Amino acid sequence: MFPPRWRFSWDRCTEVDLFTDRHTLSQAISAAAAEEPDADGSVLYGQLKGTVVGLKYYTGVVNKGEMVGLVREPQNPYDSNAVKVTNIYGSQVGHIKRQLAAAMAYVMDKTLAKVEGVVYSGTNNAFSMPVILSFWGKEENKNAVTEAMVRRGFKLDTGGIKLAGANQTSSNSPGAWTMASKKGLTTRLTANELKNAFDNLFEGLMESKDGEKEAAESVSTPLLLHQKQALSWMCARENKCALPPFWEKRGELYYNSLTCFSAKEIPERVRGGILADDMGLGKTLTTIALILTNFQKGKPLPVEKCEEQSSPRKASTKSQMVSKPEGSSSAGDGAGGSDTAAGSLCADSAKMEVICVDTPDVVEKADKSEKSAGKGKMKATKRKPSKEAPVLLEDLDFAAALCGSSSDTAFKKKKTTVKAGPSQSVESSIIESADDLSARTTLIICPLSVLSNWLDQFEQHVQADVKLNVYLYYGSERNRSKKFLSSQDVVITTYNVLSADFGNKSPLHGISWLRVVLDEGHVVRNPNAQMSKAVLDLKAQRRWILSGTPIQNSVKDLWMLVAFLRLKPFDAREWWNRVIQRPATQGEREGLQNLQTLVKCITLRRTKSSEVNGRPLVCLPEKTVCVEQVELSQPEREEYELARNEGRNTISRYMAEGTVLRNYADVLAVLMRLRQHCCHPDLLAKTSSDLGVAATPAELREHLIEKLRLVLASGSDEECSVCLDSIHLPVITHCAHVFCRPCIAKVISTEEETARCPLCRTEIKTNELVEFPQEEIEEENSANSVKWRTSSKVQALMGNLLRLRCEDSSIKCLIVSQFTRFLNVLETPLREHGFSFVRLDGTLSQKKRAQVIQEFQSSGADSPTIMLLSLKAGGVGLNLTAASHVFLMDPAWNPATEEQCIDRCHRLGQKRNVFVTKFIVKDSVEENMVKIQRKKQDLVEKAFGSTNTNRKTSRIDDIKALMEL
DNA sequence: ACCGCCGGGTGCC
DNA sequence: ACCGCCGGGTGCC
C-alpha cells in the first residue's frame, strides 16, 4: 500500500472554479494593483528561507518554482501578524509560520520592505513547504530591515540562497533561478542599452503578421494593403484561441513559464491587443472595418440595407442638419454633461439618418445623391453645408440635437434595423464566456477631441445603403438604458463620460460588450485615476487599444494597457512589477526579453516609414522646409539691441549671484521680450518691466501674476516640476515658481507645517498661491488695436502670401505663431489685402473649433485660404490637410512641437506637396534658439538618468547660449 | 506528520 | 522525579 504520499501540488489542483468569481476577483486585483508601490528603484536587501504552513486548509495550488504573493492579514483572529501566501490568481495557499510572520509583519506594515516569495522546490507534504523570501526596498531602509529581522532571529542572506541539491546558479535576481538553465548570462544592460531597447520596443513589430483580409462589403472605402494586414491580424487576435504569451499546455494543465503557475482552466484568452500604428495610417478605418467584418464566429456584422427610399430627393444639402435644441449649451467635456448628445445614426457616406430617442421633435433627414467620391474630396463637398444648415456634424451640439429630437417613425425605423439577435440584455451573465453570442455592441471610448472624427469616419467609410446603429453616448440627455445601448452596433463615448458614470450605476459597466476599443489608449496611464478604474472595470469579450504613441514615458505606462487587456497574470500589478517591470528597468536581459516578447505578442505597429514588400505604406507628398531669414529694419534693430543689452545685464547678474533658478521667471521674461521684438513691437504691450521689490501685498500679487503670464506666454512649454507634465491649472508661488495647482497643493498637504517649494526650498503656503485671473486674458485684446504698424517679419510673410496667391489662388496656408497676440496683429494686413481667413487658438470652444476646421478644410470657392493657428492649439490628430503651405512665424523651444504642427497638414489625405517656411530674424535670439533646437535633436539623453534639476540646469545652459553669455 | 511540540506516564540495567 | 526518556496525540494563522 502506498503511504499517503504527498502529491505534487498541481495534482492537488483545486476543483474550485477560479473563474466563477472572476469578475469580482479581477476587480479586487486591479484595486490592489493600483496601490502597489513603484518597484523601479528598489534594491534587494537579502533573502531568507521560510516556511509556508497550513496548506491543507486551503485550495490554492502552487508549483515547484512558482512565485507566490505574500499578503498581510492583520485582521486574522489568531494572530494579527499573520501573513498569508497566495498564488498568482490570488487564491490562498497557506500562511507564513508564526514567528517569521511576526518579523515580516513589522517590516511590511512599516512599508520598509516589499517581500516576495518563490516556492522553489514545491512541497513534499500536505502540511507545509519551504519558501524563499526576497526582501526589496529603498536603499535607505536596508539597514533598518536587516536589523529588524535579526532582532527577531532571522538573518537575511545577501549572497543568494544555496539550494541544496539544485544545480541552479543562484543569482541575486529573484526568480532568476526560475530560468534555471541560463547560466552565467547575467550581465546587466547599461542604461543606454536599456533606453535603446525601450525605444525600440514598439519598432519592428510588423513582420509578416497574418496575411491580408478584405473588409466586409459594408465598408465602402477600399483598404490599403497595410490596413488589410492589420484587419487580418485583428480578426485573428479576436478569433484564434492562442494562449497568452508565456502560457503553454502541459498535459491537462495550463502552465505559465514565467511564474510557473498552472491551472486546469485555460487562462482567459486575450482577445484583442494594441494597434499602435503611426497616426495617419488609418487606425480608425481599420477599426471600423473590424467592427463590420468580424462579428460573432468570424462572420460579418449583420446589417440591414436601407430600403430604396434613398431616391435622391433634391439633395443639395447634405445630411445631418439638425435643429439645435435650446438649452444645449456650449463646450467642455461633459463630465457633468454640459451639452449634447445622443442619437443613433444610420451611418453611411451619403446619407445620415438622424434618429432620436427621447424627446419627440423634428428630425431632418437628408440624402446625398452624389456617388461616393474619393474620401478627401467627398468630405470637402459634404462639408460645404449650405448656409441653412445650422449645425454641423463636428459640432457636438449635433449630438444634442440628435437626441433632443425624435420622430416616432424614425425610431421605429431604426428599430427595424436592429438585426435582433438574441439581444436579450445580458447583465447578469458571467463575463466572457467565450460563447456569449448575445453581445452585439462595440463600445468606443475616445478623448473628446476625436469624438467628431469617429462620427465622421463612420459616416465616410460605411456603405451608403447600410444601416449601422451608432450611438453617441454623451451629454446630459444621453440614453442610459442598458437595453437600448446593448442593442446598438456601436456606442461611442468619451473617457470623461465613462469615468463620470463609473460608480454612479453606470449603464456602460452593466453591459457585456462584444468589444471595447480605447482610442488614444495612452491617455489612460495613471492607474490610480478614476478613469483607469472605470476603464478596467468594463466587461467585454474583446478589447482593443488604439494608440500612436504606446509608450510615452516608460515601461510603467504599459501596465495599464496590459491590465486592460487582462493579460494574465500581469493584470495584477504585483506580478507585472516582479516579472516584467523591475527586471526590465534594472537591466536584466531576461526581463527585457520577456517584455519584448509580451509586447510583440499583442501589438501591431507600423510607422510612416515602414514598408510592405519594399514599398512604403503610404506615399505622402513631398515636404520642403526652408528657413527665410528676416532682416530687422534700422529702428527695429536699435530697439532690439537696447532690450538685449538690458537683458544681458540682468541675466549676467543672476548668473554671478547664482540665482538664475530663483529668478527663472525674470529670465524667461527677458527672453520673451527679445522674441517678441523679433516678431512685432506691439507684442510687448504693457510689461511691468520694473521688477523691483513689491511693497504691498497687492503689488506682490500683481508682480506674480505678471511673472506667471510671462511663463505661460513664453511658449516654452514649461513643465510642472512635481508631475513633470505640462502645467495644468497653473499657480505661482511667492518665490515665483510655477506648478500645477493640484501638484503643489499635494506637496503642501503632505509636508504640512514646513512645506517648501520643490525648486528653491522657500517656505510656501496654500493661501499664498496665486492664480492667473481669467478676466485678464480678454482685456488684453483691446489694448493694442489703436493704430496698426507693420514689422519686418510681417512684411516677409505678406510678401510670400501675395506671391502665392498670384501663382495659385487655391493654395491654402497655415500661419503659425506661439503668440496669439501676433496672430491678432496679422489679422489687420490679411484683411487689408482681402485674404479670407479663419483663426484657431486655444481659446476656442470645442464647438467653434470644429466649425473653424470644417470651414477651412472645405474646398468651396469662398472657403478661407488662410488659417491663423496658435502653435499649441488643439492636440495631435488635428486634420488640416487642406493647407499645403505652412509659415512658422517664430521658432519654438521644442522642435517636436513644430514638427507636430507641420504634420497636421503633412499627413494622410494631403494631395499637394507641402512647403514649410520658418521665419528667423537674423542676428537675434531666434537664430540661437534654432541652434539649440538642433543640439537638442542630437542629444538623445533626455529620458534616462536625468533628474528634474538637471533638466533645469540644462535649461540654464540654454539661456547662456541664447544670450551669448 | 518520515517533523516538532506538548504533556502524561514513568523511572537501573 | 523540582529531572530525562519514551511514545501517543496532535498539528496554520
Side-chain angles (χ1 to χ4, degrees), chain A residues 1-16 18 21 24-25 28-29 31-32 35-36 47-136 145 148-157 161-166 259-263 572 574:
Chain A
M1 184 65 208
F2 247 31
R5 98 189 158 86
W6 83 275
R7 290 164 296 171
F8 244 108
S9 42
W10 40 273
D11 287 349
R12 306 199 293 120
C13 192
T14 167
E15 296 304 322
V16 169
L18 290 171
D21 215 16
T24 47
L25 181 63
I29 289 174
E35 283 139 37
E36 194 72 18
Q47 292 174 300
L48 189 65
K49 200 167 150 178
T51 313
V52 186
V53 295
L55 303 188
K56 70 171 177 178
Y57 299 95
Y58 306 101
T59 50
V61 285
V62 280
N63 286 318
K64 205 175 161 86
E66 183 169 333
M67 298 183 174
V68 291
L70 300 165
V71 184
R72 277 284 288 119
E73 203 178 35
Q75 300 304 326
N76 188 301
Y78 303 95
D79 182 358
S80 61
N81 289 325
V83 175
K84 77 175 173 183
V85 180
T86 69
N87 70 14
I88 298 245
Y89 277 4
S91 316
Q92 183 161 5
V93 173
H95 278 102
I96 292 292
K97 224 162 133 57
R98 199 172 202 117
Q99 296 90 331
L100 179 52
M104 284 168 60
Y106 176 80
V107 294
M108 289 170 83
D109 292 350
K110 296 205 155 203
T111 59
L112 292 170
K114 166 101 185 90
V115 190
E116 299 179 352
V118 179
V119 184
Y120 60 90
S121 64
T123 178
N124 58 0
N125 67 55
F127 307 95
S128 69
M129 64 184 166
V131 59
I132 293 277
L133 303 170
S134 304
F135 289 67
W136 292 84
V145 169
M149 294 305 290
V150 165
R151 225 179 303 134
R152 289 164 178 79
F154 299 97
K155 186 168 171 357
L156 290 187
D157 192 331
I161 296 218
K162 299 281 176 292
L163 302 172
T259 62
C260 299
F261 177 78
S262 68
E574 164 161 18

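Predicted, not measured: the structure shown is a model, and the values here were computed from it. Protein chains get the first letters and strands the later ones, always in sequence-line order, with residue 1 at the start of each.
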S.K.: Side chains of A/Y106 and A/L112: closer than 4.5 Å at any heavy-atom pair?
M.R.: yes
S.K.: Just so I know, are the side chains of A/V85 and A/L70 near enough to count as touching, which here means a heavy-atom distance under 4.5 Å?
M.R.: yes
S.K.: Could you state the atom-to-atom distance from CD1 of A/I96 to P of C/dC13 in whole Å?
M.R.: 10 Å
S.K.: To the nearest Å, how far apart are A/Y78 OH and C/dC13 P?
M.R.: 12 Å
S.K.: Hey, does the side-chain of A/Y57 have a donor or acceptor N/O within less than 3.5 Å of a partner on the base of C/dC13?
M.R.: no
S.K.: Please check this pair: side chain of A/N76 against backbone of A/Y78, looking for a donor-acceptor N/O pair closer than 3.5 Å.
M.R.: yes
S.K.: Need one value for A/K97: base, sugar-phosphate or nothing, where a base atom within 4.0 Å counts as base even if backbone is also close, heavy atoms only.
M.R.: sugar-phosphate
S.K.: Give me the distance, rounded to whole Å, that separates B/dT10 from C/dC5 when you measure between the C1' atoms they each carry.
M.R.: 9 Å
S.K.: With a 3.5 Å limit on both atom pairs, tell me what B/dC12 is paired to, counting Watson-Crick and G-U wobble, or say none.
M.R.: none
S.K.: Just one of A/L133, A/V83, A/N81, A/T51 clears the side-chain contact (heavy atoms from CB on, under 4.5 Å) bar with A/L100, so which one?
M.R.: A/L133
S.K.: Determine the interatomic distance between C1' on B/dC6 and the same-named atom on B/dA1; round to the nearest Å.
M.R.: 15 Å
S.K.: Tell me: CG of A/N81 to C1' of C/dC12, nearest whole Å?
M.R.: 14 Å
S.K.: In whole Å, what is the span from the OH atom of A/Y58 to the C1' atom of C/dC12?
M.R.: 6 Å
S.K.: Roughly how far apart, to the nearest Å, are B/dG4 and C/dG11 at atom C1'?
M.R.: 10 Å
S.K.: Backbone N or O of A/G94 within a donor-acceptor pair of the A/Q92 side chain at under 3.5 Å?
M.R.: yes
S.K.: Roughly how many Å is it from CG in A/L55 to C1' in C/dC12, rounded to a whole number?
M.R.: 9 Å
S.K.: Do A/N76 side-chain and C/dC13 base share a donor-acceptor contact under 3.5 Å?
M.R.: yes
S.K.: Separation of A/M129 atom CE from B/dC3 atom C1', in whole Å?
M.R.: 17 Å
S.K.: Output one line per pair: protein atom, nucleotide atom from nucleotides 4-6 of chain B, and distance, for all N/O pairs under 3.5 Å.
M.R.:
none

S.K.: Without decimals, in angstroms, what is the distance between A/K56 NZ and C/dC12 C1'?
M.R.: 9 Å
S.K.: So does A/G60 get a backbone contact from the side chain of A/N87, meaning a donor-acceptor N/O pair under 3.5 Å?
M.R.: no
S.K.: Nearest whole Å is fine: how far is C/dC13 C1' from A/F127 CZ?
M.R.: 16 Å
S.K.: Answer yes or no: is there a side-chain heavy-atom contact under 4.5 Å between A/Y58 and A/S91?
M.R.: no
